[in-house]
2 protein chains.
Amino acid sequence: MRTQELREFSPRKTPVQARSGVTVEAIQEATIQVLLEHGRERLTTTRVAERAGVSVGTLYQYYPNKRALLFSALEQHLSRVGDAVERACREQLHQPLEPMVKGVVEAFVDAKMERTDISLALYSIASELDGEVLVRRIGTRGRNALATMLETAPGVRFENVQFTVMMMFAAITNATRAVLESGASPKMVRMLRRELVLLCHGYLACSGTPKLE
Amino acid sequence: MRTQELREFSPRKTPVQARSGVTVEAIQEATIQVLLEHGRERLTTTRVAERAGVSVGTLYQYYPNKRALLFSALEQHLSRVGDAVERACREQLHQPLEPMVKGVVEAFVDAKMERTDISLALYSIASELDGEVLVRRIGTRGRNALATMLETAPGVRFENVQFTVMMMFAAITNATRAVLESGASPKMVRMLRRELVLLCHGYLACSGTPKLE
DNA sequence: GGATTAGATGAAGAAAGCTTCAGGTTTGGA
DNA sequence: TCCAAACCTGAAGCTTTCTTCATCTAATCC
């Protein structure tokens, strides 16, 4: 499954000359734009190509099929966010709960808000069959990093870290989504950051039990 | 938009005889089954009809088009959940925070778990263009009920109830979704209930400020 | 029991979109 | 300058799916 998936979605040709590099980037950007403007239902390869200023044939030289196009967009975005979260978790090892939460929330929200248009556009394709796989894969990566981090928190122990992390992760991702979908004004984003820290920290404080070192 | 939407999605014919009532129910059930088995991408009207044991023509006598079929399924489910939440909120007016949270969480989780297959199947179509509208509409209903309830909590005041509720709502819905998507074993569901109460109550306790009556 | 209405059928028309491929253009090195 | 490789084009084939409608069967009422 894994190999087949890679074969089905891997690019046909890697850009060599500069112009094709430009072309691929134009296609990627056009994918997002079309997704935002017309929605997933009405995203067609022809329309994406048109928007990118190239012909359909060109699109098919770099992506073996339509799903690969969407898959690639989602993959790029998700791994960027996943990396940011993992990095934040690594940096907060052995810190007290509060900075841990703050670091992770900050990293996640920042990563999502860097390109709000991309984040928004991709929600709709994340529910596609192949998208789900990616979301789950990267989600697991993030949750594992979170769990590992939490276990190093001094003075606290969690009964079931996996579950606790799942709850926290669900809250963080969906609250961020809600803010994105309601416009993501700077004020909203500021509130989101603050309230997410409150929520997660409050939860962890209730959920964890004191531990004697 | 509202009228047109109603026209486009409203049934063509209302069942009169008993046998057609059975037919419509079979179609509704088949929709869920096909959604679960094949996914939204490969849900076709022909397949649904086949699964329901009727012909396509019959399906089209009760639903003007494919989207109406999905819309109807989602609508039924969402309003059932929405009603449950509204009822719970009404019942907990003027109660302390803890029972409020408990009541709402219980009601929501119960409603979602009553038919886990339906809940699961519908996530994929909630992101359809028309689905989003419904989700938002019912979501707003739920959030308003929650806000109204919270404002009657004795001894607490919230700076920005709307935002607080949005956070809580996002956490509740997505944590439930995560549990559903990972199988929703009875043990998991029990933990979900408990942890959601912890999370929400912890958050509200941190977020609210004491109020002198 | 005959007429009227409700319900069911499924082949076929129509539309839409994905993908290919034969042939053209541009680039860059020899 | 010339050629091979990289790149681009877009009309057309192919497939898939939605939706209709002429026709048939079953139920209901008088």
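Quick note on labels: first sequence line is chain A, next is B, and so on, each numbered from 1.
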*Asks:* Is the shortest distance from a Lys or Arg side-chain nitrogen in B:Lys102 or B:Glu98 to a carboxylate oxygen in the other one below 4.0 Å?
*Replies:*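 Looking at B:Lys102 and B:Glu98, the cut-off is not met.
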
*Asks:* Return the minimal non-hydrogen interatomic distance between B:Leu122 and B:Ala73, and the atom names on each side.
*Replies:* CD1-O, 3.8 Å

*Asks:* By side-chain contact (heavy atoms from CB on, under 4.5 Å), which residues pair with A:Asp130, not counting sequence neighbours?
*Replies:* A:Phe9, A:Arg67, A:Phe71

*Asks:* What is the first contacted nucleotide of DNA chain D and what is the last, in 5' to 3' order, if contact means an atom lying under 4.0 angstrom from a heavy atom of chain A?
*Replies:* D:dA6 to D:dG10

*Asks:* Which donor-acceptor pairs under 3.5 Å do the side chains of residues 30-37 of chain B make with protein atoms, sequence neighbours left out?
*Replies:*
residue, atom, partner, partner atom, Å
B:Thr31, OG1, B:Ile27, O, 2.7
B:Gln33, NE2, B:Glu29, OE2, 2.8
B:Glu37, OE2, B:Arg51, NH1, 2.5

*Asks:* Using a 4.5 Å cut-off on heavy atoms from C-beta on, say whether the side chain of B:His201 contacts that of B:Met100.
*Replies:* no

*Asks:* Does anything in residues 17-47 of chain A come within less than 4.0 Å of DNA chain C? Heavy atoms only, and list the residues if so.
*Replies:* A:Gln17, A:Arg19, A:Leu43, A:Thr44, A:Thr45

*Asks:* With a non-hydrogen cut-off below 4.0 angstrom, is B:Tyr62 in contact with a base, only sugar-phosphate, or nothing?
*Replies:* sugar-phosphate

*Asks:* What is the separation between atom CG on A:Asn65 and atom C1' on C:dG17, rounded to the nearest whole Å?
*Replies:*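 Atom CG in A:Asn65 sits about 13 Å away from atom C1' in C:dG17.
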
*Asks:* Knowing that exactly one of A:Val85, A:Leu192, A:Val105, A:Leu199 qualifies, which makes a side-chain contact (heavy atoms from CB on, under 4.5 Å) with A:Ile172?
*Replies:*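 Going through the options one by one, the only one that passes is A:Val105.
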
*Asks:* Could you tell me how far apart A:Tyr60 (OH) and C:dT20 (P) are, to the nearest whole angstrom?
*Replies:*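 Atom-to-atom, A:Tyr60 to C:dT20, this comes out as 7 Å.
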
*Asks:* Nearest 0.5 Å please: distance from the CG atom of A:Leu204 over to the CZ atom of A:Phe158.
*Replies:* 4.5 Å

*Asks:* Show every salt bridge (Lys or Arg N to Asp or Glu O under 4.0 Å) that has at least one partner inside residues 183-199 of chain A, sequence neighbours left out.
*Replies:*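 For residues 183-199 of chain A, and leaving out neighbouring residues, the salt bridge (Lys or Arg N to Asp or Glu O under 4.0 Å) pairs sorted by first residue read A:Asp110-A:Arg193.
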
*Asks:* Provide a list of protein-nucleic acid N or O atom pairs under 3.5 angstrom, restricted to nucleotides 9-13 of chain C.
*Replies:*
residue, atom, partner, partner atom, Å
C:dT9, OP2, B:Ser55, N, 2.7
C:dT9, OP2, B:Ser55, OG, 3.4
C:dT9, OP2, B:Thr58, OG1, 3.1
C:dG10, N7, B:Gly57, N, 3.4

*Asks:* Compare all side-chain heavy atoms of B:Ser119 with those of B:His77 and state whether any distance is below 4.5 angstrom.
*Replies:*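 SC-SC contact between B:Ser119 and B:His77 confirmed.
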
*Asks:* Which distance, rounded to the nearest 0.5 Å, do you find between the CZ of B:Arg136 and the CG of B:Leu78?
*Replies:* 13.0 Å

